[in-house]
Amino acid sequence: AGTYGTAGQGSYAAANASLDALAQHRRSLGLPAVSMGWGAWADDGMAAALSATDLARLARTGIGELDPAAGLAAFDAALALDLPHVVPMVLDTQALAARGDDVPHLMRGLVRQAGRRAAQAGAAAAGATAGRLAGLAPEQQEEFLLDLVRREVAAALNYAGAES
């Protein structure tokens with residue numbers, strides 16, 4: 001959470017970032033330390049307590065579930081590195097690409113082309129929205145925008161529709 005950033009994890013992210021900084025500080029003093037920014041573990045850990053909605057939201061971020069055997073192998077590999085901070089996690093680059101221009105900056109190099117195409121499509125959609133607004137009476141503009149915001153919020157929260 002401190003490296004990648006996930007919705008609703010502000011306090012958890014701050015605590016993780018503090019441990020990452022502590023590991024870096026200890027390493028700068030020649031002391032041993034490694035901080036591992038784990039992704040979600042399949043069938044175990046904190047992810048096991050997440051609701052279906054939370055799991056769907058996590059999947060849309062591009063964070064995949066880490067198989068326990070792969071996680072243990074990643075742990076061994078991370079200890080062999082001479083780094084204060086590593087991020088053993090499964091990334092779903094297709095889910096990242098599906099986010100279009102909403103790919104986190106840290107991950108943009110993994111889906112650069114898809115991000116550009118989505119940005120162009122987003123600009124075209126914004127122009128179309130502005131054109132539709134211009135053709136509406138003022139009272140219709142407010143209704144149109146409210147509906148647009150409700151649909152976007154519903155999609156972001158994984159609701160069935162804007163009515164939810």
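Worth knowing before you read on, the calculation uses all heavy atoms, side chains too, and leaves out hydrogens, waters and symmetry mates.
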More than 12 heavy atoms from other groups under 6.0 Å of [atom1] on [X]:
| X | atom1 | value |
| --- | --- | --- |
| Gln141 | CD | yes |
| Gln94 | CD | no |
| Phe75 | CZ | no |

Spacing of [atom1] belonging to [X] relative to [atom2] belonging to [Y], to within rounding of 0.5 Å:
| X | Y | atom1 | atom2 | value |
| --- | --- | --- | --- | --- |
| Asp82 | Arg27 | CG | CZ | 5.0 Å |
| Gln140 | Arg132 | CD | CZ | 11.0 Å |
| Leu133 | Leu145 | CG | CG | 4.5 Å |
| Gln24 | Leu29 | CD | CG | 10.0 Å |
| Asp147 | Glu142 | CG | CD | 12.5 Å |
| Asp76 | Leu81 | CG | CG | 11.0 Å |

| message | Starting from Leu72, can I reach Leu66 by hopping between I/L/V/M/F/W/Y residues whose side chains sit under 4.5 Å apart? | response | no
With a 4.5 Å cut-off on side-chain heavy atoms, are [Y] and [X] touching?
| X | Y | result |
| --- | --- | --- |
| Leu146 | Arg150 | yes |
| Ile63 | Met89 | yes |
| Pro84 | Arg26 | no |
| Trp41 | Asp67 | no |

| Residue that, paired with His85, satisfies side-chain contact (heavy atoms from CB on, under 4.5 Å) out of Val34, Leu19, Thr3 | Thr3
| note | Trp38 and Ala74 have their tightest heavy-atom pair at CZ3-CB, 4.3 Å
